[in-house]
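The next block holds one structure in the form of structure tokens; read it before the comments.
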Amino acid sequence: AHVREFAGLLRENADELAMLDALDAGLPVAAMRTDVAFAIDYIEIMCDLALQLGGQTIPATPEHLHYTVREPFAVQARIVPYNHPLFFSASKLARLSPGTR
């Protein structure tokens with residue numbers, strides 16, 4: 001719920017955030033408006049996806065079923081350039097949604 005509320009705050013302040021990103025990165029304001037819109041969409045998609053995560057049950061034989069469970073198995077890192085700071089920050093936040101870890 002809090003992550004979705006954050007997406008709402010981004011939407012309410014989209015123009016100001018786009019201007020700040022444009023000033024910070026030296027990119028056109030129109031491009032940064034697109035980044036803010038993508039960030040909001042990404043957060044909302046990840047919130048929706050968190051509700052759909054689950055395993056699968058697969059018939060292996062007539063007597064047995066196999067099942068899968070989605071679990072993290074390793075620590076991962078990603079180095080990203082910060083020419084789109086709001087979008088990259090929002091994408092990290094979106095991954096904190098329950099069930100997307």
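It should be emphasised that the depicted structure is a prediction, and the values quoted were computed from it without experimental measurement.
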Linked, directly or transitively: Val36 and Leu20 (ILVMFWY side chains, under 4.5 Å): no
Co-members of the apolar cluster containing Ile45 [side chain, <4.5 Å]: none
Euclidean distance, Tyr42 OH relative to Leu49 CG, rounded to 0.5 Å: 9.0 Å
All pairs passing salt bridge (charged side-chain N to carboxylate O under 4.0 Å, His left out) where residues 35-46 contributes a residue, at least two apart: Arg11-Glu44
Check: Leu27 and Asp21 side chains under 4.5 Å, non-hydrogen atoms: no
Listed partners of Glu12 passing side-chain contact (heavy atoms from CB on, under 4.5 Å), at least two apart: Leu9
Rounded distance [0.5 Å steps], CD1 in Ile40 versus CZ in Phe6: 9.5 Å
Residues that Ala22 engages under side-chain contact (heavy atoms from CB on, under 4.5 Å), provided they are two or more places apart: Val29, Met32
Listed partners of Asp15 passing side-chain contact (heavy atoms from CB on, under 4.5 Å), at least two apart: Arg33
Just list the side-chain donor-acceptor pairs under 3.5 Å for residues 58-65, sequence neighbours left out, or say none.
unit_1, atom_1, unit_2, atom_2, d
Thr61, OG1, Glu63, N, 3.3
Thr61, OG1, His64, N, 3.1
Thr61, OG1, His64, ND1, 3.1

